[in-house]
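The next block holds one structure in the form of structure tokens; read it before the comments.
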Amino acid sequence: MSVFSRTEHLARLQEKEFDLLVIGGGIIGAGIARDAAMRGLSVAMLEARDFCSGTSSKSSKMLHGGIRYLEQFEISLVFEASKERRLHSDLLAPHLAQPVPFLIPVYPWSPHGMLAVSAGVYLYDALAMFRNHGTRILSREQAMKEEGRLESKGLKGGVVFHDVVMDDARLGLENVRSAAHHGAVTVNYTFVRGFDKDGTGRLRGVWAKDALAPGKPDFLIKARAFANASGPWCDYIRRLANPEAEPQLRPTKGTHMVLPNDRLGKTHAFVLTAKADNRVFFSIPWFGRTLVGTTDTDYDPAIDGPLEDIRATQNDVDYLLESVKRTFPGSSVTQKDVHSTFAGLRPLVSEGKASDPSSISREHRIWQEESGLFSIAGGKYTTYRVMAAEMVDKVLRHLVKNFTGFDPGKKAVTQYEPIVLGEQGAKQALSQYTGLLEDYNNRLDADTVQHLQKRYGARWQRVADIAMQDVSMRERIVPSEPDILAEAVYSKEHEMAVGFDDFLRRRTMLALKAPLAQNMDRLSKAAAVFGEENLSVERVLHWQGLDLK
């Protein structure tokens, strides 16, 4: 069986009763499925749309310790996140997670002075066991020498520390693939319509629907345990199990925009303070561009749109542009320079009293309801693996208590194996080119080879083989970016990409970086791989978040 074939995985959903059914294919659901499968449980995972199409592809693209959470005295969260950040950049996914120096410039309007910022950064370094790749204190002159576009008026100096920048959608997808590699059945575009219960009201299955086959009837998937990891849809799933369930979430919206790479900083990412409300946001060098964000406002469906299509508004973009110009007054950045925008919801747990969305705790919560449904909400992308392990621990205790044949002593092992493994063990034979690096370099340009290695890790040759066998597949989709047509074919055949937007937004990041509307002829070649023959500029601009409200 193909490790990652949607058709085959879909067929397997009805073949047996699973130990665990995970609802939600974002980073948390993927982490739970991977952890449970690696402990030997039989696992199924359903995602109503594309994998990581919600919050998990709309983060600040960082695995970070959360330096700003020190101010809220969330010491344990920062310590845990710092450990996870290092684990991913060193072992689990080093090709997707790279350390980047961050500079905090200090001004009279900054919430903290040089002494407090310096002390905070050194505490941050200590919580990371002094493995933060270096911390430096800069004088005013040193800061201006290294980053000449900074506002010089009032600048007192700066502090440099390191965090990790990553590809959130790709890291999530690789967790899904790893879960499948270990035996999990993982399916996208399949949503839960309702739950099947026994005579006592306990869950024993879900009624699911294949969103790509609307004419086919719902089908039943049986399981012994159920984990609701649906992020902003958590309360919706809970109400399917119990219509009287009280809401637990307070979703907050975060918006980002992508700018050219030559308008703000030169070599650093920046921790900045917004002019409007003095909240912290970031400017990050990101895959040849600059990523700026995030906002933090309570979710309002009347303004922000439905859960499945959260949009950036003109007010969001104006807020970020104004905030950037406060620290980089000489910047010529205008709205015309915005390559893309994206917005997502943080599924934070309601605390009832916090008036400021930024002050709501990022700690996660896991609970089980009378029906047996486990739910998880809150937390940070960086700590997804720890959150997943905690969920699987609770599921195992539930299985041991209610069913026979389960080992209560099984512990998480996800920290010991890289997320992306080579496919030498797959049934498909390796092509004649695999392993001949010199041959690849002779037929593919060096930038393409490096790009494939950074995106696909140990599987890069699988994509390169498609290009090696067909010269047309070596063509760049957009001239300014290294992505090639072979990747569209690979993502459709081996990564469960269903629509062209799956490819542009999550298998790659072309929708966030490239001037797509200026390259419609070339773009149409890649769209044809997914059967989208009549691609419109309006559709492309929507994917890029440029049709602002």
Side-chain angles (χ1 to χ4, degrees), residues 13-14 16-33 35-36 41-49 54-56 184-211 217-251 299 301 306-308 345 347-350 364-379 387-388 390-403 406:
L13 286 176
Q14 302 175 71
K16 65 177 182 179
E17 182 178 30
F18 293 92
D19 297 328
L20 174 63
L21 175 65
V22 182
I23 302 168
I27 187 61
I28 303 300
I32 292 169
D35 187 301
L41 298 182
S42 61
V43 181
M45 186 186 79
L46 305 182
E47 167 54 48
R49 284 155 288 274
T55 305
S56 299
V185 179
T186 58
V187 182
N188 56 358
Y189 291 101
T190 304
F191 57 93
V192 174
R193 298 263 284 183
F195 286 93
D196 182 60
K197 300 180 181 180
D198 64 18
T200 67
R202 304 285 289 186
L203 305 183
R204 61 184 182 187
V206 301
W207 288 100
K209 181 78 170 180
D210 181 358
D218 299 354
F219 57 93
L220 181 64
I221 307 170
K222 296 181 180 180
R224 299 179 180 87
F226 302 83
N228 173 16
S230 55
W233 291 268
C234 177
D235 283 338
Y236 169 77
I237 296 297
R238 292 176 57 242
R239 285 193 292 269
L240 287 180
N242 175 15
E244 298 180 358
E246 293 290 333
Q248 294 293 321
L249 297 191
R250 181 181 173 180
Y299 167 60
L307 288 177
E308 60 271 15
L345 295 182
L348 303 181
V349 180
S350 174
H364 69 277
R365 181 185 167 208
I366 300 174
W367 69 99
Q368 187 179 23
E369 305 192 34
E370 290 185 8
S371 64
L373 178 67
F374 287 94
S375 292
I376 182 169
M387 294 162 62
E390 184 180 339
M391 172 65 87
V392 178
D393 287 343
K394 292 181 182 293
V395 167
L396 265 177
R397 287 196 290 270
H398 168 79
L399 292 172
V400 169
K401 179 180 178 181
N402 294 280
F403 302 93
F406 291 97

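This is a predicted model, so every value here is computed, not measured.
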Verify side-chain contact (heavy atoms from CB on, under 4.5 Å) between Val349 and Arg250, making sure each step is shown before the conclusion. CA-CA 6 Å; Val349 180; Arg250 181 181 173 180; over 6 Å; no
Exercise for the section: Let me see the working for Lys401 and His398 under side-chain contact (heavy atoms from CB on, under 4.5 Å), right down to the final yes or no. Expected result: CA-CA 5 Å; Lys401 179 180 178 181; His398 168 79; 5.9 Å; no
For Leu41 and Leu399: C-alpha separation, side-chain torsions, deciding distance, then whether side-chain contact (heavy atoms from CB on, under 4.5 Å) applies. CA-CA 10 Å; Leu41 298 182; Leu399 292 172; 4.2 Å; yes
List the steps, then state whether side-chain contact (heavy atoms from CB on, under 4.5 Å) holds for Thr186 with Leu46.
CA-CA 6 Å; Thr186 58; Leu46 305 182; over 6 Å; no
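Ion pairing between a basic and an acidic side chain is recognised when a charged N comes within 4.0 Å of a carboxylate O; Asp218 and Arg193 show such pairing.
Looking at Ser371 and Asn242, their side chains never bring a donor and an acceptor atom within 3.5 Å of each other.
For the pair Ala388 and Ile32, the tightest heavy-atom approach, listed with the atom from each and the gap, is CB-N, 3.4 Å. Across Arg204 and Phe226, no two heavy atoms sit closer than the pair C-CZ, 3.5 Å. Residues Pro232 and Thr55 approach most closely at CG-OG1, 3.5 Å, considering heavy atoms. Scanning both residues, Leu307 and Tyr299, for their nearest heavy atoms gives N-OH, 3.6 Å. Gly25 approaches Glu47 most closely through the heavy-atom pair N-OE1, 2.7 Å. Across all their heavy atoms, Phe191 and Ala211 have their closest contact at CE2-CB, 3.8 Å.
Ser56 places a side-chain N or O within donor-acceptor distance of the main-chain N or O of Ile27, the cut-off being under 3.5 Å. At distances below 3.5 Å, not a single donor-acceptor pair connects side-chain atoms of Lys197 with backbone N or O atoms of Gly205. Judged by distance alone, with hydrogens and angles left aside, the side-chain atoms of Glu369 form no donor-acceptor pair with the main-chain N or O of Leu373 at under 3.5 Å. The closest donor-acceptor contact from the side chain of Asn228 to the backbone of Phe374 lies at 3.5 Å or more, if one exists at all. For Asp35 (side chain) and Gly31 (main-chain N/O), no donor-acceptor pair under 3.5 Å exists by modelled atom type. Proximity of a side-chain donor or acceptor of Thr190 to a complementary backbone N or O of Ala48 within less than 3.5 Å is not detected.
If you take CH2 on Trp207 and CZ on Phe195, they are separated by 13.5 Å, rounding to the nearest 0.5 Å. The distance from atom CH2 of Trp367 to atom OG of Ser375, rounded to the nearest 0.5 Å, is 5.0 Å. Atom CZ of Phe406 is separated from atom CG of Leu396 by 8.0 Å, given to the nearest 0.5 angstrom. Note: Leu203 CG to Arg224 CZ = 14.5 Å, rounded to the nearest 0.5 Å. Here CE of Met391 is found 9.5 Å from CD1 of Ile28. Values are rounded to the nearest 0.5 Å. Between Gln14 atom CD and Lys16 atom NZ the span is 14.0 Å, to the nearest 0.5 Å.
Val43 places none of its side-chain heavy atoms less than 4.5 Å from the side chain of Leu21. Contact check for His364 versus Ile366: side-chain heavy atoms found under the 4.5 Å cut-off. No side-chain heavy atom of Lys394 sits less than 4.5 Å from a side-chain heavy atom of Gln368.
Glu370 meets the salt bridge (charged side-chain N to carboxylate O under 4.0 Å, His left out) test with no other residue; sequence neighbours excluded. Take Asp235 and apply the side chain to side chain contact (heavy atoms under 4.5 Å, CB included) test, not counting sequence neighbours, and it matches Arg238, Arg239, Pro247, Gln248, Leu249. In this view, Lys222 and Glu17, Leu220 satisfy the side chain to side chain contact (heavy atoms under 4.5 Å, CB included) rule, not counting sequence neighbours.
Heavy atoms from other residues, nucleotides or ligands lying under 6.0 Å from OH of Tyr236 number 12 at most.
Under the side chain to side chain contact (heavy atoms under 4.5 Å, CB included) rule, Ile221 has a single partner from Val185, Val192, Leu13, which is Leu13.
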